[in-house]
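A short worksheet on the structure shown next.
Protein chains get the first letters and strands the later ones, always in sequence-line order, with residue 1 at the start of each.
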2 protein chains.
Amino acid sequence: MDVFEALADPVRRELLLRLGEGPARVADLASEHPISRPAVSRHLRVLREAGLVAATASGRERPHALAREGLEPLRAYLAALDAAAATLTPPVAEHQLDALELELRRSGRRRTSGSTSEGETA
Amino acid sequence: MDVFEALADPVRRELLLRLGEGPARVADLASEHPISRPAVSRHLRVLREAGLVAATASGRERPHALAREGLEPLRAYLAALDAAAATLTPPVAEHQLDALELELRRSGRRRTSGSTSEGETA
DNA sequence: GCAATGCGTAACCATACGGTTACCTTTTCG
DNA sequence: CGAAAAGGTAACCGTATGGTTACGCATTGC
């Protein structure tokens, strides 16, 4: 699952913001949204597969937390847009270049092989 | 049309990167992708409605160019995630706060009114 | 003036997506 | 121990999406 696709849904964006404030249980997240718990569960799965959140096991609970490194493709994309313009841009950090390369490769793979699995990095 | 949704598609992300290097005609963009020209045209429309690109009229041609200000919601979202963690983050610029407020309001509107039009800012 | 070019859009289609309820497994609690 | 809680997933459903071809209008070039 691709970061950009994961963030296309407003519920998922909200969930991510919420988790940015600290880990939360599925039930808590579900109670904060006017949708069913299984729907929230499904969204969290998407976010996990995109590498944007990580779940831990705590008995029967599955607290989820933001995985900040998952945001690198997004930052890298913005950086690439800035770099493409050859304007006054700060140097692109190497780890961003790595994420950019990964993102471009992933996009390229999607293009050429149609339905190639996309969750390999999750 | 929402910026995040617009960027969910890899073709559109590529188109945007390409336009980041300079304006281009629809036909040129179409020739660079293994999809039909109407498909590219449709993608460009999505990007226009999301405020990410702008088209000019040049006779029968419709050069499209990246509209950098359209990326603000994306930057604002990342900033919000950074701010939510209350870590060592740079101060959030006021124009980013504005974009963030707009984005949050837009997301809220989507949530409460189901199919409210989303292209108001385009 | 006419053919070619450029591009937007409609109609169609297969697939995907985000919601729902129902069901099930595991863990916790009284 | 049995009921409740927590959470994952399947099946279903209505809607959306991203591709296609066909069509039509405006502009350009010979």
**Item:** F4(B) CZ - dT17(D) P separation (whole Å)
**Value:** 17 Å
**Prompt:** Do H33(A) and E14(A) pass the side chain to side chain contact (heavy atoms under 4.5 Å, CB included) test, and can you show the C-alpha distance, the side-chain angles, and the key distance before you say yes or no?
**Reply:** CA-CA 9 Å; H33(A) 288 84; E14(A) 285 177 21; 3.1 Å; yes
**Asked** Should the pair D82(A)-R68(B) be classified as a salt bridge under the 4.0 Å nitrogen-to-oxygen rule?
**Response** yes
**Prompt:** Would you say a side-chain N or O of R25(A) is under 4.0 Å from OP1 or OP2 of dA6(D)?
**Reply:** yes
**Full working for side-chain hydrogen bond (donor to acceptor under 3.5 Å, both in side chains) between R48(B) and H64(B)** = CA-CA 9 Å; R48(B) 286 199 302 274; H64(B) 284 64; 2.8 Å; yes
**Asked** Taking OP1 and OP2 of dT9(C), is either one under 4.0 Å from a side-chain nitrogen or oxygen of R45(B)?
**Response** yes
**Request:** Nearest whole angstrom, please: distance from the P of dG6(C) to the CG of L29(B).
**Result:** 13 Å
**Request:** Provide, to the nearest angstrom, the distance between the CZ atom belonging to R13(B) and the C1' atom belonging to dG18(D).
**Result:** 14 Å
**Check ion pair D2(A)-R13(B) (N to O, under 4.0 angstrom)** = yes
**Request:** Please figure out whether D28(B) or V40(A) has its closest DNA chain C nucleotide nearer the 5' end.
**Result:** D28(B)
**Request:** Measure the distance from NE2 on H43(B) to P on dT20(D) and round it to the nearest whole Å.
**Result:** 9 Å
**Asked** Does OP1 or OP2 of dG8(D) have a side-chain N or O of S41(A) closer than 4.0 Å?
**Response** yes
**Message:** Distance check needed: dG19(C) C1' versus H33(A) NE2, whole Å only.
**Reply:** 14 Å
**Request:** Would you mind classifying the nucleic acid contact of A39(A) as base, sugar-phosphate or nothing, using non-hydrogen atoms under 4.0 angstrom?
**Result:** base
**Request:** Please state whether the base of dG7(D) and the side chain of R60(A) form at least one donor-acceptor pair under 3.5 Å?
**Result:** no
**Request:** Report yes if the distance between the aromatic ring centroids of F4(B) and Y77(B) is under 6.0 Å, otherwise no.
**Result:** yes
**Message:** Go nucleotide by nucleotide along DNA chain C from the 5' end; which of R12(A) and E61(A) gets its closest nucleotide reached first?
**Reply:** R12(A)
**Request:** Compare the minimum distances between each of dG19(D), dT20(C), dG7(D) and the side chain of R42(A), then state the nucleotide with the smallest one.
**Result:** dT20(C)
**Request:** Would you indicate, yes or no, if dG19(C) has its OP1 or OP2 atom less than 4.0 angstrom from a side-chain nitrogen or oxygen of S36(A)?
**Result:** no
**Asked** Should R37(B) be listed as having a side-chain N or O under 4.0 Å from OP1 or OP2 of dT20(D)?
**Response** no
**Message:** Output the rounded distance in Å from CG (L7(B)) to C1' (dT17(D)).
**Reply:** 16 Å
**Request:** Rounded off to whole Å, could you give me the CD1-to-P distance for the I35(B) and dT17(D) pair?
**Result:** 16 Å
**Item:** Whole-Å distance separating the CD atom of E5(B) from the P atom of dA16(C)
**Value:** 18 Å
